[in-house]
Enquirer: 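First the structure, which I've put down as structure tokens, then a few questions once you've had a look.
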Amino acid sequence: MHLILFFIFGGFCVAGALNLLFQRHPINSALSLIVVMTSLAVLYLLLGAEFLAAAQVIVYSGAIMVLFVFVIMLLNAGREERTHGSKAAYAVGIPGAAALLGALVYIFLSNGSTAKVSDYIVNTHELSRVLFRDLLLPFEVTSILILVAILGAVALARKEH
Amino acid sequence: MTSSLHLWLIPLIPFAGFLVNGLLGRKLPKALVSTIALVAAAVPFAQVVYTWFQLGGIPLPYVEHIGTWIQTGAFNAGIDFQLDHLTMVMLLVVTGVGFLIHVYSVGYMAHEEGYWRFFAYLNLFMFFMLVLVLAENFLLMFVGWEGVGLASYLLIGFYYLKNSAANAGKKAFVVNRIGDFGFLLAMFLMVFHFGTLSFSGVFSQVAQHPAWQGGFLSAIAIFLVLGATGKSAQIPLYVWLPDAMEGPTPVSALIHAATMVTAGVYMIARAHIIFDRSPLALTIVAIIGVATAFFAATIGVLQTDIKRVLAYSTISQLGYMFIACGVASYASGIFHLVTHAFFKALLFLAAGSVIHAIGGEQDMRVMGGLRRKLPVTFWTMTAAVFAISGWPPFAGFFSKDEILYQAFLSPNGGKALWAIGLITAFITAFYMFRLWYMTFFGENRGEDRQLEEHGAPVHARSDSTLVLEAEPDDHGHGEGIHESPWIMLIPLIILGILSVIGGWIGIPSAMGGHNAIAHFLDPLFGTPPAMVGALEGSNTLALTLAGVSFAVVILGWLCAHILYFAKPELPAKFAAKLHGLYTLVLNKYWVDEVYGAVFVAPLLAVSSYLLKGLVDTGIIGGATYGSAYLTSGIGAIAQRLQSGNIRSYAGWLALGAAAVLIAVYFGFGVHFH
Amino acid sequence: MLTDHILTLMIFVPAAGAFVVALLPRKVRIIRWWTLIVSIITFALTLHLPAHFEYGKSGFQFVENYSWISSPAIRYHLGTDGLSMWLAVLTGFLSIVGVLVSWRVIEARAKEFYFFFLLQQTAMLGIFLSLDIFLYYCFWELSLIPMAILIAMFGRERGPRTALKFFIYTFLPSALFLVAILWLYAKTGTFDYVTLHGYLQNNPGLFPAGAMFWVALAFLVAFAVKVPVFPLHGWLSDVISDAPTAMAMVVAGKLGLYSIIRFNLGLFPAQAREFAPVMIALAVIGLLYGACIALIQTDLKRLIAFGILSALSFCTLGIFCFSVSGLDGAVYQFINEGISGAALLALAGFLHERFGTLDMERFGGLAKKLPYMATLFVITTLALIGLPLFNGFVSEFLILSGSFAQHHGWVFAATIGVILSAGYMLWMIQRIFYGPESSMVTDRPAPDFSPREHILLWPMAVLMLVMGVLSPFWIRAIDQGVSALANQPVQTISYLEKR
Amino acid sequence: MNTTPQVLRILPEVILTIVGVLIMLIEPLHARGKSRRSLGWIAVVGMVAALAASLFQYTLPAGTAFFGTVKTDAFSVFFHVLITGISLVALLVTLDATNAETEGMGEFYALIVFGTAGMLFMTCAVELLLVFVGLEISSISTYILAGFRKRSAKSPESAIKYFLLGSFATAFFLYGIALSFGATGTTHIDTIGKLLASGTTPLLAIAGLALIIIGLGFKVSAAPFQVWTPDVYEGAPSPVVALMSTGPKAAAFAVLLRILYGAFPSLHGHWVPILWWLAVLSMFIGNLGALRQRNIKRMLAYSSIAHAGYLLVAFTALSVDGIAAASFYAVAYAAMNVGIFAVVSHAGEFNDRLTLIEDYRGLAYRSPLLGGAMAFFLISLIGIPFTGGFFGKFYVFTAAIHSGFVWLAILGLINSGIAAFYYLRVVAALYTRPTENSPVRFVPRPTMPLLIALVLTIAATLILGIVPGRILDKAQAAAETYPSITINPPVPVDQPVTETARR
Amino acid sequence: MVPVSWYLILSAILFSIGVAAFLIKRNIITVFMSIELMLNAVNLTFVAFARQWHQVSGQLFVFFVMVVAAAEAAVGLAIIIAVFRSRNTLNVDQVDLMKL
């Protein structure tokens, strides 16, 4: 059961990602990214992280992607044209990416930790305990982060006078 | 020591004169300048004479230690002066003749600008020359040695605005440097083998080791000879002396006839202990001497510039002295040195007086018939001519004869030396009388001057300003040809007398004299080895040889008389007949040209093309800039990565990432588990 | 008591002076007078050394030794011996000369000029007097900057380019030099010269021959560039001809040669003896090479440059023969070179002031117009070609006779240089001063020496003569300084042959 | 657990946050177009306070707080002081270079302040999560600051480049954290270290290490992750470059040190060779790239790459000396680089009127102070004695040679030789006579903030160069918070020498 | 049941696709999306490991990453807008004013 679900949604993820890669229109790419994220949420569920699954759907697919789509609309970005800006990107980058993938996969396989994922559910209570006790400071600090983000968005988006 | 002679004063006083005139002369009046100069030359002469009379009371050699000059852990050299018989003779000649020439110059240079400069240099020369003869070690001697070279450089280049003069000066100095190069190496060898350069030290060591024969002693001796050839204008380094005639005539008289050029002979005599151990070196000296004597004489035959004739005769006479040294008869060499100083100085001074009289002209072809116009000059000159060509009882006869006699007696190849010497004697007589006739007899050819006939100095006349400083003729043409002032004539007369009687100090026993100078020098040289076997019973031989040489001299005079007095048209005919030989000799065997082509030109060419062009600019410069360009070229490649395109940047990042990942993982370094 | 810190005083008086210059108003007269005063004071201070130097007392004197930085053990260690003493004095003397030479030349930006000039003095004194290798290195590097900037700002037209060339040439090797120093420190834990010297001498063969070989080589190359030794002289002629005279005087010779003696002979005697054959060959080649190229130069300063190359090669020859006389001669030679060379460059500078060119083809017959200039030119020239009674002769004779024992052949070749030097120098004199007056000389109104120039040059001329006659006065100290180096026990571990 | 109030352990950060918020609150009170300088001064005061607080932290006993997420020890405090110092000068420079009509200065100051807070968190955090957040704060604020020159098209470009590539690298960093978490099950640096030291090393840890190095390598612009640097520096406002070429780098280096020596000491066999290569690459690419640069900011960008290389040399030393040298070099580099950018941003002003090196021709005439200062900093960058630059290099290479990396030292010093070339070109330009219409004629007189900034930086550079003792001791103390890894150095000392000798 | 390494490989694949997308896509916004994709891949890794080690902190890390991502998105899009204003293009290949 678990296995099947993993394959289905894992497949969805990859398919979405590839679609993002091959779609020429940003909107389509955005939508396919949403697909990836939502199916990731399912995988989270499989891994027993309901809270994260929820957050994934709400924050990512909800907020962030909406923001993307909004901007795409705002700047009404059309189909991207295949300009030839850089040979290096292909000549160097793609092999690099491939090598990266290869290396990682090799490592994960030869890692040997075939620890099966037991079905163990994190209850949100414990989650919050850790979050608001051990990780209190980082949590508070993120507020600065967000503040900075807002500031920046305002400062940048503001028109010159 | 009994009583100090204060030898150090002898060189120091001329030096003082040099300083005063050199620094202040520009401002001082001529009278004062000349007084200072004369005093600075006279006092040493007086002191020398005084010392001469002291000789009895002083054990010779007498040494004065003034101070330490160079001192290092390994080696030291002092400022030491020494007096012995040889020095004594040299001192007398140098100061005596030197003083006379100073006197003469006062008249001769009277109208020169830079008068003060001239006398300053003259005193400087006296200083160095005296240091040279007084020195007690080779290093100090070398000071004088190079110093006189410097003085002659300055004096030859006295008319520095004339390119020829400046060139001659430079040539003299550089050629002398080649000689000094030999001297230096000889000194290095001595330091290496004896650890000292003082005469006493070196000679005593040589004396202590009779085993030392040839070997490094020959090396030292030969290097010394190289030095001597430079200073004494012998083959192969004689080339500078003829050009040196660019200097004022008194200079030629003092430096290039009487004193400096004899330094080489003096040095060989001084170092005779070393030479005695090296037959090889002696042979070389003899060969050089005889070759030079003959060679220079032949050139002298065709020269038309009066001073150049004298220059070549000087070279040739020095050759005689070398022959003497070469046959280890140093005393006779010194003897000839002395007499030669007298008559050659006289010849130059007289020539100077002639030149002075006819307004700076040096070309004999435009002289002639001056006999009546310049009586004193004529008579003194005559004395000198007879002396040099060796008429008895003039000075030259005895000294030259002594040399030929010694050569004849000397075991190794002496006969050949004697024969060539004899021929040279003939040539000498010939060209000296040629000069005599061309200058003083016939009618004056001075009026019909065509420029094409004129020699180099005449060309210089084309630039009038030059000549005004070059030669004192501002009054030359004014009231026609005239005798020189007395201040110039007195020295002529004195030297004239000396060149008549000067030789009597060395009349050989064969002719009823008792070779005074030889005996005087005996304590230094001992009896020349050649004499040993030949002392008694050889009177007849001596007389016959003398007779032969005298006959030869007369022959020479006859030829000259016929060619240049009786039948003046003949020389042209001969020239036409023996054209090849004539041009060869006329161009002095093209030696200068050959040297130029063989040494100077290649050196300059190599320097400018190979060294400067190829090595310095090409290789070294190229390496510098090449590497610079290379680096910045690589820099350009490094920049190329910056295409400015985000995606390519990301590409590099990705590649780098992959590389790092793989490197770390499969990577170098320690392996785990 | 001030005299306990005499060396510190010497080093930092110029620096302080420079600092004041920076604060002074931009008035040329004030600034140059101030600089003159400062350099006179410096010179006076340096004279304190010979006055109170204790002969026959081995080791360093006037020592100051404090800890500067603890954790890498860097000490502020100053001291002088017979080797460095006269060099310090010479530096002080030349600083005065430098100011007087620049007197009229430097009008614009005088402030910068004299600031860096004084800084340069500090750096050079520091080099001669510091006994902690790190401290030494600091001064060594520091000396590059004022030099480079002055060449760039005040040089002839190609100034900046030359400055760059000079800097790179000297900076790159000293990078490797630094590596070598650090390596030594890593191994021995000290930068202190004295300690290090004792340490290396007492346990030789402590480090692998290979390592020591490369370390010594790094030292040597850094110094050889600064001398410069033959193939590394690429910068010399440009710098000499482009740099302001005051800098050209001090750029070559003493720094590098001193360092070679102090470090390569002092710390690495065995390696130095290993390098000797090569160095001697290079020295003689450079000697003849420089002379030959000088023969055909038409630019006066370039001629001088190659003359200097040739004259300095004598020193290299003397140093690497390891004989007492040779070393004495070498040190004496580069002191002499410092004086005579400076004088000649000063004269060239004055000539340039008057005629704006140094192309000898355009001169001629100048002696008539500028007799004093001519006289001093001749005197200096004679000193440089080693005429007896001048300082040059003593040193050259010592070097050659001292080296003769080991290397007949090389010395024979080197002595030829004596002939060549006479050749190019006299030819130079002839082309400038003798012969008929050239059009330029006649056209250009040029006054003879000003009082300043007299004051500057006559003492130098006299000095050349005095040093030529009374050499023991100087050599006594030098002898004491170098004799230890000449005959120190060396077990010869030959690294190259081992391979 | 000690009794120190926890807040004291993050006092500087707290102060900065408060100040930042304060600025944002006051900002709206200023009418549009009115000068915001007062805000700038508030920021300065706040920064001074933070600096004081950091210095005060030296008095605290070393210890952790907030459940072991932050740790104040000699190391973190050292970098606290450094970074607050840098930001202080950067603020002064900003005050000098900007003028009333520059838009949104309120945000500008606030961002600098917040960004500094982020960097401080990076240096004191021992919990990778906190490190990550701090990193993001500092990065994001610099992304924004880079885009602040809206007038010029270059500024947004540099912002977007920095942003995209930065986040790209962040992803790698994050992945690295993830994998090391996977290897050990914790994200607490020291714990990771303990766990890895005991027992065998899972491959995951190695991969994680590699990815972390990649991410941080980008932040410190070490080759081959340096590509972004020149473009970003060229486009960003000079005051910002003054900050981001030093502050975030220092922080990132601190983190790198923390992680390498705190979490992965046992893997040194793996990361030392990598850092060796990164160092060499950075030095060469940086210096060679700078050789032909005509734009001064790009040239300085390349030089900063090279300096990152020098700093990485110290990392390989595997010893207390190494860490100390790295820390010291960070200080020295910061001093001179901020200094030179202070001059550049004053001369070029906010909108970069002077871009090319030729534009600086004759600055020393227009203003001897500026020209002299700039020349001084350049000389220090070359690494001439009696300047911080020299001692920095000196310590770094001493450390390297001590642990036997003779070749690294040789290459590095050769590089410093190459570097001299392009620095001197600028010096020469400064001191050549300006032409009639050369832009330096319009360089404004130095203002008070600039003077303060210059005094601070010059003083720092000189002190570091002449009496570095105190600071070096601090660096030493900072270094000693980590046990130096005394495994036999990979290369025996004289090996490279002899074996090359044998060739 | 599924071994953890499968999840890891999946994440690796996603990550690499993200990288590739970053290299290939021309539209800045899409490029930015590919970064988000990479972040998501990392998140998956975290969750997987969190599961393997029974560690909550892993999941919390993901939580923080989301926040950061949100912040980045806000800023990033703002920057993109600024770029669009100044260049009026969204093509990365045309954002190369500064080079060499």
Enquirer: Are the side chains of B/Leu197 and C/Phe397 in touch, meaning some heavy atoms are under 4.5 Å apart?
Expert: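 Yes, side chains in contact.
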Enquirer: Parallel, tilted or perpendicular for C/Phe412 and B/Phe181, by the 30°/60° rule?
Expert: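 The arrangement is perpendicular - the two ring planes meet at more than 60°.
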Enquirer: Check whether any side-chain heavy atom of C/His408 lies under 4.5 Å from a side-chain heavy atom of B/Phe188, and answer yes or no.
Expert: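 Sidechains of B/Phe188 and C/His408: no contact.
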Enquirer: Chain C heavy atoms under 4.5 Å from B/Leu604: which part of the residue, side chain, backbone, both or neither?
Expert: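 Looking at B/Leu604, backbone and side chain both touch chain C.
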Enquirer: Between C/Leu398 and B/Phe75, is there a side-chain heavy-atom distance shorter than 4.5 Å?
Expert: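 When only atoms from C-beta onward are counted, C/Leu398 and B/Phe75 do touch, with a gap below 4.5 Å.
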Enquirer: Measure the shortest side-chain to side-chain distance between C/Gln430 and B/Asn163 over non-hydrogen atoms and say whether it is less than 4.5 angstrom.
Expert: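 Touching, per the 4.5 Å side-chain cut-off.
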Enquirer: Could you give the distance from CG (C/Leu426) to CG (B/Leu150), rounded to the nearest 0.5 Å?
Expert: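 Output value for this atom pair is 9.5 Å.
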Enquirer: Among C/Pro472, C/Gly364, C/Ser323, C/Gly402, which has the most heavy-atom pairs under 4.5 Å with chain B?
Expert: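 Winner by heavy-atom pair count: C/Pro472.
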Enquirer: Heavy-atom distance under 4.5 Å to chain C: side chain of B/Val191, backbone, both or neither?
Expert: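 For B/Val191, side-chain heavy atoms alone lie under 4.5 Å from chain C.
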Enquirer: Nearest 0.5 Å, please: how far is CH2 in C/Trp427 from CG in B/Asn167?
Expert: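 Nearest 0.5 Å value for the CG-CH2 distance: 10.0 Å.
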Enquirer: Output the distance between atom CD1 (C/Ile419) and atom CZ (B/Arg177), rounded to the nearest 0.5 Å.
Expert: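 Answer rounded to 0.5 Å: 8.5 Å.
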Enquirer: Is B/Ile70 close to chain C through its backbone or its side chain, or both, or neither, when contacts mean heavy atoms under 4.5 Å?
Expert: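 Both parts, backbone and side chain.
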Enquirer: Is it the side chain or the backbone of B/Leu139 that comes within 4.5 Å of chain C heavy atoms, both, or neither?
Expert: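 For B/Leu139, the contact with chain C is made by the side chain alone.
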Enquirer: Give, as side chain, backbone, both or neither, the part of B/Tyr609 having an atom under 4.5 angstrom from any heavy atom of chain C.
Expert: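 Nothing of B/Tyr609, per the 4.5 Å heavy-atom cut-off to chain C.
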Enquirer: Look at the side chain of C/Ser471 and the backbone N and O of B/Gln71, then say whether any donor-acceptor pair between them is shorter than 3.5 Å.
Expert: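 No; judged by distance alone, with no hydrogens or angles, the pair does not exist.
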Enquirer: So which part of B/Asn76 gets closer than 4.5 Å to some heavy atom of chain C, the side chain, the backbone, both or neither?
Expert: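 When you check distances to chain C, no heavy atom of B/Asn76 falls under 4.5 Å.
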Enquirer: Please flag which part of B/Asn176 lies under 4.5 Å from any non-hydrogen atom of chain C: side chain, backbone, both or neither.
Expert: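 For B/Asn176, no heavy atom lies under 4.5 Å from chain C.
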Enquirer: If you count heavy-atom pairs under 4.5 Å with chain B, which of C/Thr375, C/Ile416, C/Ile478 comes out on top?
Expert: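 Top option by heavy-atom pairs under 4.5 Å: C/Ile416.
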Enquirer: Just checking C/Phe393 against B/Phe142, ring centres under 6.0 Å apart?
Expert: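 Centroid distance C/Phe393-B/Phe142: below 6.0 Å, so yes.
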Enquirer: Could you check whether B/Tyr159 and C/Tyr434 have their ring centres less than 6.0 Å apart?
Expert: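 No, ring centres 6.0 Å or more apart.
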Enquirer: Is any side-chain heavy atom of B/Phe173 closer than 4.5 Å to one of C/Ile385?
Expert: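 Result yes, sub-4.5 Å side-chain heavy-atom pair found.
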Enquirer: Let me confirm one number: the CZ-NE2 distance from C/Phe404 to B/His193, rounded to the nearest 0.5 Å.
Expert: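 If I round to the nearest 0.5 Å, the distance is 7.0 Å.
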Enquirer: Checking heavy atoms, do the side chain of B/Arg117, its backbone, both or neither come under 4.5 Å from chain C?
Expert: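 For B/Arg117, there is no contact with chain C at all, as no heavy atom is under 4.5 Å.
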Enquirer: Write down the atom of C/Phe306, the atom of B/Asp616, and the distance for their closest heavy-atom approach.
Expert: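 What the structure gives for the nearest pair is CZ-OD2, 3.4 Å.
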Enquirer: Count the heavy-atom pairs under 4.5 Å between each of B/Ile79, B/Val606, B/Thr624 and chain C, then report the option with the highest count.
Expert: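 Max contact count across the listed options: B/Thr624.
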Enquirer: B/Val615 versus chain C, heavy atoms under 4.5 Å apart: side chain, backbone, both or neither?
Expert: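 Contact with chain C: backbone and side chain both.
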Enquirer: Specify which of B/Leu185, B/Leu603, B/Val174 makes the most heavy-atom pairs with chain C at under 4.5 Å.
Expert: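 Max contact count across the listed options: B/Leu185.
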Enquirer: Is B/Leu610 in contact with chain C via its backbone, its side chain, both, or neither, using a 4.5 Å heavy-atom distance?
Expert: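 Neither part; nothing is under 4.5 Å.
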Enquirer: Please look at B/Ile619 and chain C and tell me whether the side chain, the backbone, both or neither of the residue comes under 4.5 angstrom of a heavy atom of that chain.
Expert: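 Interface part for B/Ile619: neither.
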Enquirer: Within a strict 4.5 Å, meaning less than it, do heavy atoms of the B/Asp180 and C/Val418 side chains meet?
Expert: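 The answer is no; the side chains never approach within 4.5 Å.
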Enquirer: Pick whichever of C/Leu420, C/Ile475, C/Leu389 has the most heavy-atom pairs under 4.5 Å with chain B.
Expert: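 Result: the option with the highest number of such pairs is C/Leu389.
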Enquirer: By a 4.5 Å heavy-atom criterion (distance strictly below it), what part of B/Met187 contacts chain C: side chain, backbone, both, or neither?
Expert: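 It is the side chain, since no backbone atom gets that close.
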